[in-house]
Protein chains: 2
Amino acid sequence: MIEKLKAIPLFSGLSHEHLAKIASVSSILGFDRGEMIFHEGDKGNGLYMVERGTVKVFKLSFEGKEQILHIYGPGHTFGEVPVFEGKNFPASAMAIEKAGILFLPREKFVSLITSTPGLGMNLLADLSRRLREFTVQIENLSLKEVPARLSAYILTLSKEQKNTKKITLPISKAQLSNLIGTTPETVSRVFKKMMDSSLIEVQTKTIIIKDMKGLQDLSESGTI
Amino acid sequence: MIEKLKAIPLFSGLSHEHLAKIASVSSILGFDRGEMIFHEGDKGNGLYMVERGTVKVFKLSFEGKEQILHIYGPGHTFGEVPVFEGKNFPASAMAIEKAGILFLPREKFVSLITSTPGLGMNLLADLSRRLREFTVQIENLSLKEVPARLSAYILTLSKEQKNTKKITLPISKAQLSNLIGTTPETVSRVFKKMMDSSLIEVQTKTIIIKDMKGLQDLSESGTI
DNA sequence: GGAACTCCTTGACATGGATCAAGTAATCCG
DNA sequence: CGGATTACTTGATCCATGTCAAGGAGTTCC
């Protein structure tokens, strides 16, 4: 368990004792693909950490349309907002792959913060990073058209996957469309346009970047 | 100065000594309407607090279109993200009314956090609240149409202004359109539709809610 | 290894909202 | 107070993207 905690950036720099203490009050939960971890509006009860698998955090509209806010893999934490704000979850969380989730109950977590030097600062940095990510997401949704959002997403993936030009899509195209705020049909059509303009090649879950500069231009300025 | 600091929620619960210490390392800056406070991409240099006036935090697209992220009045703080994350500002800030801004340099602010019990927790709560606000904004932009966003905004104002039915718009309609991610023309047309359906009355900067229930329905489900 | 999914693609069509343009109302300021 | 500037409204038009429908590709699982 302690090994798993070490892999969580939020806990970087903590002593072995502190990690042991965290381990002693955490539990591990298993979720199948498609299983809900919590629902928007539920009372926030603690900190969640992805140990393995993939999780999406999302909102649903009145009509059932979905907007994904985050996709989290191993090492990421989520569910903090209601811990500090004392309210309910602002969004829902679901496993999109069989997942192992570490859970740290609220009171334990709060008392850890005050007793663990550095943890508070790690948390402030983590929440700040997420605020920054949200500003980018708002910018994308409001100020960019779908082709720009999609190319921005591909470029993000390329950076995450050690700047390679051969990229593996970590999620289905349907999920991807919910992440960038559009529909599967539109994603399909825009991918086609990007192939027609020789920006990329797409084969099922693999994307090959053929024209990095062209993709960067598209991600900023908009039209294919 | 200490009186002004007392009015800032972030500093609630701090002792007089701590407030005096903060006052001793803060400076106050004046900005005219339309003056930039900082630019997206600038190096984050500290904490900003609105003492009087109004500030908008916003992003600009490549083509110059604007999306407002926050409108802040007295007592609100901003500019924290780069302090904790160690990067640059994710957005720009401008005074939209003559404003007085308190400024606390980064190093002073960081050392205050470690030496001031409660301040760290206040900050975590504050950032969490903003994360929640952003999830709402993303939901609005992605999952709701303009009439729903506009009615949600009116209802938010009503709550802020002690749940009254006679509301004063705190910003121009042009700014409002940039806040909800649309254009002045569309705002104008939607206001008209809402008047035609007897949901509200609009006179320049005053809105009177005629049908609260109808407005709430519209803010959730969408179509007029 | 084939049936039964789910996911993806493609085409035809509908539409919310942006843009352009021109006029009208507010507000600012000497 | 009156002219100038800025903010708002209204109409005409256009387009990006959503929706509906149907067929095709990929995946899963006994």
Side-chain angles (χ1 to χ4, degrees), chain A residues 32-34 56 61-68 94 96-98 140-151 168-196 200-207 218 221-224, chain B residues 32-34 56 61-68 94 96-98 140-151 168-196 200-207 218 221-224:
Chain A
D32 283 333
R33 177 174 191 282
K56 71 175 172 189
S61 75
F62 193 79
E63 297 86 11
K65 216 183 131 194
E66 173 178 309
Q67 172 65 46
I68 297 179
M94 177 190 279
I96 57 175
E97 272 176 21
K98 208 168 167 38
N140 286 342
L141 287 170
S142 167
L143 302 177
K144 291 183 180 176
E145 307 200 328
V146 174
R149 288 182 231 163
L150 188 53
S151 41
T168 305
L169 278 179
I171 51 175
S172 73
K173 286 171 191 166
Q175 296 292 311
L176 167 54
S177 71
N178 287 338
L179 182 62
I180 65 174
T182 183
T183 59
E185 292 94 329
T186 299
V187 165
S188 190
R189 283 186 248 268
V190 173
F191 267 140
K192 202 181 178 189
K193 266 200 196 170
M194 289 163 84
M195 292 176 78
D196 290 349
I200 57 169
E201 253 175 50
V202 184
Q203 295 143 13
T204 317
K205 287 231 170 277
T206 303
I207 296 175
L218 180 55
S221 63
T223 333
I224 283 197
Chain B
D32 282 335
R33 177 173 191 280
K56 71 175 172 188
S61 75
F62 194 77
E63 297 85 11
K65 219 182 127 192
E66 172 178 312
Q67 172 66 46
I68 296 178
M94 178 191 278
I96 56 175
E97 273 176 20
K98 209 169 168 35
N140 285 342
L141 286 171
S142 167
L143 303 175
K144 290 183 180 175
E145 306 199 332
V146 173
R149 290 182 229 163
L150 188 53
S151 42
T168 305
L169 277 179
I171 52 177
S172 73
K173 285 170 192 165
Q175 297 291 311
L176 166 55
S177 71
N178 288 337
L179 181 62
I180 66 175
T182 185
T183 58
E185 292 95 328
T186 299
V187 166
S188 188
R189 283 186 248 267
V190 173
F191 267 140
K192 200 179 178 191
K193 265 200 197 170
M194 289 164 84
M195 291 175 79
D196 290 351
I200 56 170
E201 251 175 51
V202 184
Q203 295 143 12
T204 317
K205 289 228 169 277
T206 303
I207 296 174
L218 179 56
S221 64
T223 332
I224 283 196

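For clarity, every value in this text was computed on a predicted model and none was experimentally measured. A, B, ... follow the sequence lines: proteins, then strands. Residue 1 opens every chain. Computation of the quantities below employed the complete heavy-atom set of this structure, encompassing side-chain atoms and omitting hydrogens, waters and symmetry-equivalent molecules.
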Let me know the distance between CD of B:Gln203 and P of C:dA25, rounded to the nearest Å.
-> 16 Å
Check whether any side-chain N or O of A:Lys193 sits under 3.5 Å from a backbone N or O of A:Ser188 as a donor-acceptor pair, and report yes or no.
-> no
Want to settle it: does A:Glu185 or A:Arg149 sit nearer the 5' end of DNA chain D, counting the closest nucleotide to each?
-> A:Arg149
If you take atom types as modelled and just measure distance, does the side chain of A:Arg189 reach the base of D:dT19 with a donor-acceptor pair under 3.5 Å?
-> yes
Check for a donor-acceptor pair, side chain of A:Ser151 on one end and backbone N or O of A:Pro147 on the other, with a separation under 3.5 Å.
-> yes
So, does A:Lys192 use its side chain to make a donor-acceptor pair with the main chain of A:Val187 at under 3.5 Å?
-> no
Please state how far atom CG in B:Leu141 lies from atom P in C:dA18, giving the value in whole angstrom units.
-> 11 Å
Would you mind telling me which of D:dC8, C:dA18, D:dG18 lies closest to the side-chain atoms of B:Thr186?
-> C:dA18
Proximal nucleotide (of D:dT27, D:dT17, D:dA21) relative to the A:Thr182 side chain | D:dT17
Kindly say if B:Ser172 contacts the phosphate of D:dA7, meaning a side-chain N or O under 4.0 Å from OP1 or OP2.
-> no
Measure from the side-chain N and O atoms of A:Lys65 to the backbone N and O of A:Asn178, and report whether any donor-acceptor pair falls under 3.5 Å.
-> no
For C:dA26, does either OP1 or OP2 sit under 4.0 Å from a side-chain N or O belonging to B:Lys173?
-> no
What pair of heavy atoms forms the shortest contact from B:Arg149 to B:Lys144, and how long is it?
-> NE-O, 3.1 Å
Send over the distance from B:Glu97 CD to C:dC28 C1', rounded to a whole Å.
-> 15 Å
Looking only at side-chain atoms of B:Ala174, point me to the closest of C:dT9, D:dT10, D:dC8.
-> D:dC8
Would you mind classifying the nucleic acid contact of B:Val146 as base, sugar-phosphate or nothing, using non-hydrogen atoms under 4.0 angstrom?
-> sugar-phosphate
Side-chain donor/acceptor of B:Glu201 to backbone N/O of B:Met195, under 3.5 Å | no
Rounded to the Å, how far apart are A:Arg33 CZ and C:dC7 C1'?
-> 10 Å
Nearest to side-chain heavy atoms of A:Glu145, which nucleotide of C:dT9, D:dA16, C:dG17 | D:dA16
Quickly work out the A:Ile171 CD1 to C:dC8 P distance and round it to whole Å.
-> 10 Å
Give the nucleotide from the list D:dT27, D:dG18, D:dA16 with an atom nearest to the side chain of A:Thr183.
-> D:dG18
D:dT9, D:dT19, C:dA18: which one has an atom nearest the side-chain heavy atoms of B:Ser188?
-> D:dT9
For the pair made of NZ in A:Lys65 and P in D:dT19, what is the distance, rounded to whole Å?
-> 6 Å
Which whole-number value in Å describes the distance from B:Met195 CE to D:dT10 C1'?
-> 14 Å
From CG of B:Leu143 across to C1' of C:dG16 the rounded distance in Å is 16 Å
Across the strands shown, which category fits A:Gly34 at heavy-atom distances under 4.0 angstrom: base, sugar-phosphate, nothing?
-> nothing
Minimum-distance nucleotide (side-chain atoms of B:Lys192 versus C:dT9, D:dG11, C:dC7) | D:dG11
Look at the side chain of A:Gln175 and the base of C:dC7, then say whether one donor and one acceptor between them are separated by less than 3.5 Å.
-> no
